[in-house]
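Bear in mind the structure is a predicted one, so any value in this text is a computation, not a measurement. Scope of the values below: all heavy atoms of this structure, side chains included, with no hydrogens, waters or symmetry mates.
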Amino acid sequence: MLKQHSMIRKITVQMTVILTILLATLILSNFYSLEVVRKNQIASSKNTLAIFINSIQNSLNNTSRDLLEVFDTQINSISTFGTKDESQKYFEAIRLQEILASKVSNTSGSDGLFISVPNEDFLLASFSNRMYSKEGLFLTDFLKAYDFDAKNVTGGAEWMPVEVNGVAYLLKSITYSNVIFGAVIKTDTLMSALKKNANEQNLFYLTDKSDRMLSTTNPVDLSKEKQNLTFTSKHFFVTEQIPEFGRLTNVVASRNVFYGLEWIQWLIIFLSMLAVVITSIIFRFFAKDLIQPILELVKGAKEVEKGNWDYPFSNKASSIEFARLSNSFSSMIREIKTLKINTYEEKLERNKTELKYLQMQIRPHFFLNAITTISSLTYHNKNEEIRLIISHLSEHLRYMFRGGLVQVQIQEEMKHVENYIQMQEMRYPNQIFYMADIDRELQAFPLPQYLIQTFVENTFKHALAHKEMLSIFIKVDSVLTNGQPFLRVVIEDNGEGFPEEMMEEVNFSDLQQSGTGEKVGISNIQRTLKLLYKRDRLLTLSNIQPSGAKVEIVIPMEDAG
């Protein structure tokens, strides 16, 4: 049952391929969805980081501007601080303290400003109300002991991360004539806006350029999981640089991003297994309801072919269709068995069979030319013309499948010929001249189907020259020959005419079957006329002057129909 050309094997392979494609589509769609969600989350995190980094940089820039303003306005006064007496130093210190306090209170970015004169053991610092008093004390002691020269921050443009009593700050200073102007920002202050948008599943942390933690929105330790990756099994890590001092990182829990997708993955697995099981069940029922009845019919047909006309056909098919088919097959065998065919009927049946065979030889000739026409138009992107040709071709199909008629009326044949010429006119615009002269009284006269069409088609094939006008003339009338009426069909063109050997073969030689080449259509017409009208020499080929081919067909009107 699983031979190479068996139906079961072919259907099994096809169903397996389809099932495999569907499963692959589901799996690829799932992976694609995960990738899209991952990329969207990374893009969203980057946008969020860009917004908050811009806010952090604004705070740093505002603080730097306040620091430069204090430096520009007070550098001249503080540079002579060592030359003043104690009373002057006292009042100068009060004045500077008030200036620093005013600057700190009027800015939302800075947490503290300070002025230090190390040689005079002089330090003035003012801190914002965002800092606790103890933090201010610890920071003041730190600034007194801090060696700005050793840390290479004197006059630097960057912010230096420092840690004071477990609290991270950003420090920036300007040194001139042994006077240090500086500003500090608590890293938690920079992260205050981020803390409003953070939770356990979506947190942010701030690091310096050495990845040392400065501040975070959540105390969760992810340092072991983060390994310079943007995606892990549990979290997304998206990091953006802050040129002034370090980096800002957004960490999002994977389960929060892919919420619900895990269930979809399990559902895909379940559906895949279910599809395999259902396919197996379908194959089983398919073999029972379709394959087995077909094999029974094939077996019965072989028995009948051997001459076993009494072979019993089973009527126990599982479907109504096969039960009817089995009954019809049995009925057909009984009719064949009881049919009596005499010698004349056998001969007539052979002639009809041969006629149908000849017609089937004529039909492919047309289709090959039609396909060639459509193929030519595709190279020029003439879609409208292609649609029209297909429409005309459908008309031809309707004409061909008219119940297997051997003869049609002249008006139907001419309508079909005109349909064919219209297709050719679309391929060769302004290059075809067509004229027909049909006797009205002969419109309903029967003649072999495709009789005129075959020669018109050959005219286009052999007489049409590049960029030259093709003229086709068709005349249908009646003539008397030896007192007997004949229908006469004349087809003329202005091509190069027929070769002499072809005219001699058709006009004077005995009827031969040409099986190949361009003569097959003419040969079939000869045989069709012979079988229908039992006469020879009904087809004549000739050439006309100055150039052109002429086809003349005569049909006995007494024998027609």
Can you find a heavy atom in the side chain of [X] that is under 4.5 Å from one in the side chain of [Y]?
| X | Y | answer |
| --- | --- | --- |
| L464 | T459 | no |
| S126 | L113 | no |
| E69 | K103 | yes |
| I180 | F114 | yes |
| Y434 | E418 | yes |

Exercise for review: Mind checking the CZ-CG spacing from R212 to L206? Nearest 0.5 Å is all I need.
Suggested key: 11.0 Å
Under 4.0 Å between a Lys/Arg side-chain N and an Asp/Glu carboxylate O for [X] and [Y]?
| X | Y | result |
| --- | --- | --- |
| E92 | R95 | yes |
| R387 | E384 | yes |
| E244 | K172 | no |

Point to revise | S391 side chain to E395 side chain, donor-acceptor N/O pair below 3.5 angstrom | key: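 There is no such pair between these side chains.
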**Study point:** Flag for T189-D111: side-chain donor and acceptor within less than 3.5 Å
**Key:**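 Yes.
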Practice item. Determine whether more than 12 heavy atoms belonging to other residues, nucleotides or ligands lie under 6.0 Å from atom NZ of K144. Key: no
Check your understanding: Can you tell me if CG on N47 sees more than 12 non-hydrogen neighbours from other groups inside 6.0 Å?
Key -> yes
Practice item. Could you tell me if the ring centre of Y428 sits under 6.0 Å from that of F460? Key: no
Check your understanding: Can you name the salt bridge (Lys or Arg N to Asp or Glu O under 4.0 Å) partners of K134, sequence neighbours left out?
Key ->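 By the salt bridge (Lys or Arg N to Asp or Glu O under 4.0 Å) rule, K134 matches no residue at all.
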Check your understanding: For E425, what residues pass the salt bridge (Lys or Arg N to Asp or Glu O under 4.0 Å) criterion, not counting sequence neighbours?
Key -> none
Review point. How far apart are the C-alpha atoms of S45 and Q41, what are their side-chain angles, what is the distance that settles it, and do they pass the side chain to side chain donor-acceptor pair (under 3.5 Å) test?
Key: CA-CA 6 Å; S45 295; Q41 178 59 46; 3.1 Å; yes
Exercise for review: Going by the side-chain hydrogen bond (donor to acceptor under 3.5 Å, both in side chains) test, name the single residue among D208, D211, T207 that passes it with R247.
Suggested key: D211
